[in-house]
Every structure is written in structure tokens, then in C-alpha cells.
Amino acid sequence: MSKLVRSQAGVKLERVEHLAARQKRETFFRLTTHRKASERLIFDEAEAQRAFAREVAASLEDDVVKGLIRRGVVDL
């Protein structure tokens, strides 16, 4: 099960919870972006929040993402 934590400039941070072996609940964060960077899985919430902020800043400087924002495809 995943839940959107934050979304800005085409960057999404989701909290993912699922049952692992022996019914142990595992939680991690999935960071996705429109930039060429691939999806990242992060297991520490504080690091996930920092990575989100860095990726938003980088996305706002990316020409492709800026074009998507101008066309209204991506919200600020």
C-alpha cells in the first residue's frame, strides 16, 4: 500500500508499506521525478524528505520540467 506524502514540480514522495516475510511490516519511501533520474527507494524518512527537497530544486532548474510546468502538465 502506498500513500502520497508530498508532491511538487513533478516530484512525488510516497510512503510504501507492505508485509515482508513472516508478516513483518516493512516501510520505505519511493521518490519519483520527471527528470532522467530513476526512481529511488529510501528507508529513512528524514533522508527521504531531504532527497525530496533536493530533487524539487533540481527539477525547477531542468529545462524539460520547466517546459512541463509552463504547459500546465506539472503543478508547482
Side-chain angles (χ1 to χ4, degrees):
M1 174 167 87
S2 69
K3 178 182 176 187
L4 183 64
V5 176
R6 297 176 74 180
S7 178
Q8 184 180 352
V11 181
K12 291 182 182 178
L13 181 62
E14 297 173 285
R15 177 187 200 99
V16 180
E17 294 183 2
H18 69 91
L19 291 178
R22 298 186 186 154
Q23 300 297 313
K24 180 181 176 188
R25 184 175 298 272
E26 185 176 68
T27 301
F28 60 88
F29 295 84
R30 179 175 29 230
L31 182 69
T32 56
T33 181
H34 285 283
R35 292 183 342 116
K36 289 185 179 183
S38 61
E39 173 181 283
R40 292 178 50 196
L41 300 180
I42 304 166
F43 291 89
D44 178 71
E45 184 172 5
E47 176 54 32
Q49 293 287 349
R50 289 189 295 271
F52 175 84
R54 288 190 302 268
E55 187 57 39
V56 167
S59 290
L60 291 173
E61 297 298 318
D62 185 272
D63 290 335
V64 172
V65 175
K66 287 194 282 190
L68 292 171
I69 292 169
R70 275 194 303 274
R71 289 193 303 270
V73 175
V74 170
D75 291 331
L76 265 178

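Treat the numbers as computed from the prediction; the structure is a model and nothing was measured. Values below: all heavy atoms of this structure, side chains included; hydrogens, waters and symmetry mates excluded.
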Separation of Leu68 CG from Arg35 CZ (nearest 0.5 Å) | 13.0 Å
Could you state the interatomic distance from CD (Gln49) to CZ (Arg54), rounded to the nearest 0.5 Å?
-> 11.5 Å
By salt bridge (Lys or Arg N to Asp or Glu O under 4.0 Å), Arg25 pairs with (sequence neighbours left out) Glu17
How close do Lys66 and Glu61 get, heavy atom to heavy atom, and via which atoms?
-> CE-O, 3.8 Å
Name the one of Leu60, Leu31, Val65 that satisfies side-chain contact (heavy atoms from CB on, under 4.5 Å) with Val11?
-> Leu31
Please name all residues satisfying side chain to side chain contact (heavy atoms under 4.5 Å, CB included) with Ala48, sequence neighbours left out, ordered by chain then number.
-> Leu13, Phe29, Ile42
Between Val73 and Leu76, is there a shared hydrophobic cluster once you connect ILVMFWY residues whose side-chain heavy atoms come closer than 4.5 Å?
-> yes
Distance from Lys12 atom NZ to His34 atom NE2, nearest 0.5 Å?
-> 7.0 Å
What pairs with Glu39 under side chain to side chain contact (heavy atoms under 4.5 Å, CB included), at least two apart in sequence or on another chain?
-> Arg30, Thr32, Leu41
Heavy-atom nearest pair, Ser59 first then Ala9, reads CB-O, 3.8 Å
Over all heavy atoms of both residues, which pair between Val74 and Gly10 is shortest? Give the atoms and the distance, please.
-> CG1-N, 3.0 Å
Mind checking whether Phe28 and Phe43 have parallel, tilted or perpendicular rings, split at 30° and 60°?
-> tilted
